[in-house]
2 protein chains.
Amino acid sequence: VLQSNIFEFAGNNNSGNWEISTIQPIIGDPLPAASFLKIQQAGIANVEKDSVWSLKGFTSNLRYAEKAEKEKLQVLHAELGKTTATLAALIPIRKNDAWWALAQDERRKIFESTSKHTETGLKYLPAIARKLYHCRDIGQPFDFLTWFEYAPAYVNQFEELVFTLRQTEEWKYIDREIDIRLKRSNFFLI
Amino acid sequence: VLQSNIFEFAGNNNSGNWEISTIQPIIGDPLPAASFLKIQQAGIANVEKDSVWSLKGFTSNLRYAEKAEKEKLQVLHAELGKTTATLAALIPIRKNDAWWALAQDERRKIFESTSKHTETGLKYLPAIARKLYHCRDIGQPFDFLTWFEYAPAYVNQFEELVFTLRQTEEWKYIDREIDIRLKRSNFFLI
């Protein structure tokens with residue numbers, strides 16, 4: 001059976017493994033309030049019923065990392081789902097037309113040579129686990145969803161990571177960004 | 001309204017804008033016979049009813065082309081749907097795990113420095129129009145679908161293009177390939 005890499009992030013007011021603490025619009029239009037987040041593997045047409053909003057994205061191969069960076073990422077790889085990682089963030093972003101009109105080498109230059117996106121992420125591994133979902137090509141309101149998980153001890157590091165990325169040249173191409181913070185809702189039930 | 005870039009290529013025995021001449025397995029498992037091909041924009045869950053097979057893929061940004069190559073592609077750009085282009089080919093391919101384990105710079109090196117994929121395609125523009133669809137991440141049996149359209153006068157050039165690509169180092173990473181040839185079925189009805 002062929003398996004799609006598409007996942008759904010459904011904001012709703014009933015239930016979910018994660019409780020939403022805040023939904024903050026950083027750039028552009030906001031996203032409505034919701035109490036819980038449900039994450040599940042899904043077809044592009046499926047929408048969790050009773051959801052306030054539903055964001056879909058698919059995991060894929062790395063688009064910019066070169067051999068040396070990829071090897072460092074593999075060594076420092078942090079698994080999601082660690083029981084100590086009771087905090088999470090979901091950060092949907094959309095890049096503007098100017099970004100998407102750039103060629104691969106131009107995007108790579110801004111992404112890494114100038115903005116040090118991978119290098120910055122590596123600094124916080126394995127404390128802050130992250131997973132990237134792509135959504136630009138499947139009719140979604142954002143281009144990427146990034147999911148982060150970390151233990152309460154790393155709150156300051158997480159703020160620093162997000163702050164650092166938002167100062168980069170890459171971020172000038174972002175025309176919509178939402179910052180959703182969450183805590184594991186069933187942690188004591190495991 | 002948000003628009004998905006996902007398209008469906010449905011092989012069936014009833015109708016379609018393109019009549020299938022041959023379906024030839026080049027590498028790996030074959031694809032069942034069908035008489036017509038219907039191409040339509042579609043959600044990932046939609047499947048054309050009565051189809052013998054249904055392949056989905058989405059258009060996206062260029063993954064390897066650098067600035068100079070992208071500019072050449074734009075200058076020589078060939079539109080699909082020219083009335084003189086009465087022949088077409090649909091070539092679904094899948095790349096093996098070794099390919100997908102490579103980093104961006106390693107893939108780029110094989111794709112262009114060694115195999116000259118873009119440079120070869122450019123040689124046949126604007127005579128042979130092409131469009132690439134991605135399908136690896138959405139639960140499909142292939143990684144890419146490439147669609148070609150050309151006038152009967154360019155049959156030999158098309159064979160040369162396909163032959164050239166199949167000799168490249170890049171093609172050593174392909175573990176399934178089907179070559180579907182078609183002709184416009186409603187050409188005289190326009």
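Letters go in sequence order (proteins before strands), and every chain restarts at 1. The basis for the numbers below is simple: all heavy atoms, side chains too, and nothing from hydrogens, waters or symmetry mates.
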Answer with side chain, backbone, both or neither: which region of [X] has an atom nearer than 4.5 Å to a non-hydrogen atom of chain A?
X	answer
B:E106	side chain
B:Y64	backbone
B:K70	side chain

Check for me, please, whether [X] and [Y] land in the same ILVMFWY cluster - side-chain distances under 4.5 Å, paths through other members count.
X	Y	result
A:L102	B:L73	no
B:L165	B:I91	yes
B:F111	B:I93	yes
A:W99	B:L62	no
A:F148	A:Y133	no

Using only non-hydrogen atoms and a strict under-4.5 angstrom cutoff, which residues of residues 117-125 of chain B touch chain A?
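From residues 117-125 of chain B, none sit under 4.5 Å of chain A.
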Gap between atom OG of A:S60 and atom NE2 of B:H134 - 0.5 Å precision:
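Answer rounded to 0.5 Å: 9.5 Å.
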Among A:T59, A:N5, A:N61, which residue satisfies the side-chain hydrogen bond (donor to acceptor under 3.5 Å, both in side chains) criterion with B:D137?
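Filter result, single survivor: A:N5.
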Looking at B:Y154, I'd like to know if its OH atom is crowded, meaning that more than 12 non-hydrogen atoms belonging to other residues, nucleotides or ligands lie closer than 6.0 Å.
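Atom OH in B:Y154 is not packed in, count stays at 12 or less.
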4.5 Å side-chain heavy-atom contact, A:Q104 and B:Q104
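A:Q104 vs B:Q104: side chains touch.
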Below 4.5 Å, heavy-atom pairs only: which of A:R108, A:K67, A:E69 has the largest tally toward chain B?
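Option with the greatest count: A:K67.
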If you compare all heavy atoms of A:A65 against all heavy atoms of B:A103, which two are closest, and at what distance to 0.1 Å?
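Where A:A65 meets B:A103 most closely, the heavy atoms are O-CB, 3.4 Å.
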